Amino acid sequence: MSDEIERDRAATVHAVILVYRLLAAVCRKLPVPIALPEGIVMDSASMIPAVRRAAEVVREEPLSQEHQAYLWGACLKWLAAADMLTALLRDWDDHRDWAILLTLSEVKDTLSSVIEDLELDLS
């Protein structure tokens with residue numbers, strides 16, 4: 001495999017983890033905190049089920065339906081990116097890589113709006 005593909009692959013994996021950490025930070029600051037596993041070593045075996053659970057319980061948060069929907073959608077889009085990443089790691093495809101990065105960009109934009117609207121302090 002070429003060095004360029006290896007760099008792109010590593011960057012995409014890193015992007016998935018960074019957006020997961022942002023999602024975890026937002027979930028931690030909700031009125032009823034939702035804990036997603038965090039730590040130095042992140043693995044899909046713990047991240048994916050946790051985000052699935054968050055998608056299920058976020059609709060019970062004492063938030064507007066709009067913000068519940070934004071968070072639910074962010075969880076689902078992150079899960080879609082994680083699924084695409086699994087396929088990408090098996091068989092490299094530039095279009096799938098771009099689709100993952102586009103999906104993650106949408107998740108970040110959604111979470112940024114939620115952070116601003118709810119005035120969440122992530123520090």
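Values in this document were obtained by computation on a predicted structure and should not be read as measured data. We use all heavy atoms of the structure for the numbers below, so side chains are in, but hydrogens, waters and symmetry mates are not.
- Counting all heavy atoms, side chain and backbone alike, Met84 lies closest to Ile100 at CB-CG1, 3.5 Å.
- Contact check for His67 versus Leu118: side-chain heavy atoms found under the 4.5 Å cut-off.
- Leu104 places none of its side-chain heavy atoms less than 4.5 Å from the side chain of Thr12.
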Report task. Evaluate side chain to side chain contact (heavy atoms under 4.5 Å, CB included) for Leu88 paired with Arg9, printing each intermediate quantity in order. Result -> CA-CA 8 Å; Leu88 182 71; Arg9 179 181 288 194; 5.7 Å; no
**Report entry** Working for side chain to side chain contact (heavy atoms under 4.5 Å, CB included), residues Asp109 and Glu106
**Finding:** CA-CA 5 Å; Asp109 289 348; Glu106 292 171 358; 5.7 Å; no
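- In this structure, CZ in Arg21 is found 8.0 Å from CE in Met47, a value given to the nearest 0.5 Å.
- Side-chain contact between Leu71 and Leu63 is present, with heavy atoms from C-beta onward closer than 4.5 Å.
- Scanning all heavy atoms of the two residues, the minimum distance from Ala35 to Arg53 falls at O-NH2, 3.1 Å.
- Side chains of Leu122 and Ile115 form a contact here, defined as non-hydrogen atoms less than 4.5 Å apart.
- In this structure, CD on Gln68 lies 9.0 Å from CZ on Arg59, to the nearest 0.5 angstrom.
- Residues Ala50 and Tyr20 come closest through the heavy atom pair CB-OH, 4.5 Å.
- In this structure, OG1 on Thr103 lies 11.5 Å from CG on Leu85, to the nearest 0.5 angstrom.
- Pairing each heavy atom of Ala74 with each of Val107, the nearest pair is O-CG2, 3.8 Å.
- Of all heavy-atom pairs between Thr110 and Tyr70, the closest is CG2-O, 3.4 Å.
- Within the 4.5 Å cutoff, side-chain heavy atoms of Trp78 are placed close to those of Ile48.
- Heavy atoms of other residues, nucleotides or ligands lying less than 6.0 angstrom from NZ of Lys108 number 12 at most.
- Shown here for Ala15 and Leu101, the closest heavy-atom pair between the two residues is CB-CD2, 4.0 Å.
- Between Trp92 atom CH2 and Glu6 atom CD the span is 9.0 Å, to the nearest 0.5 Å.
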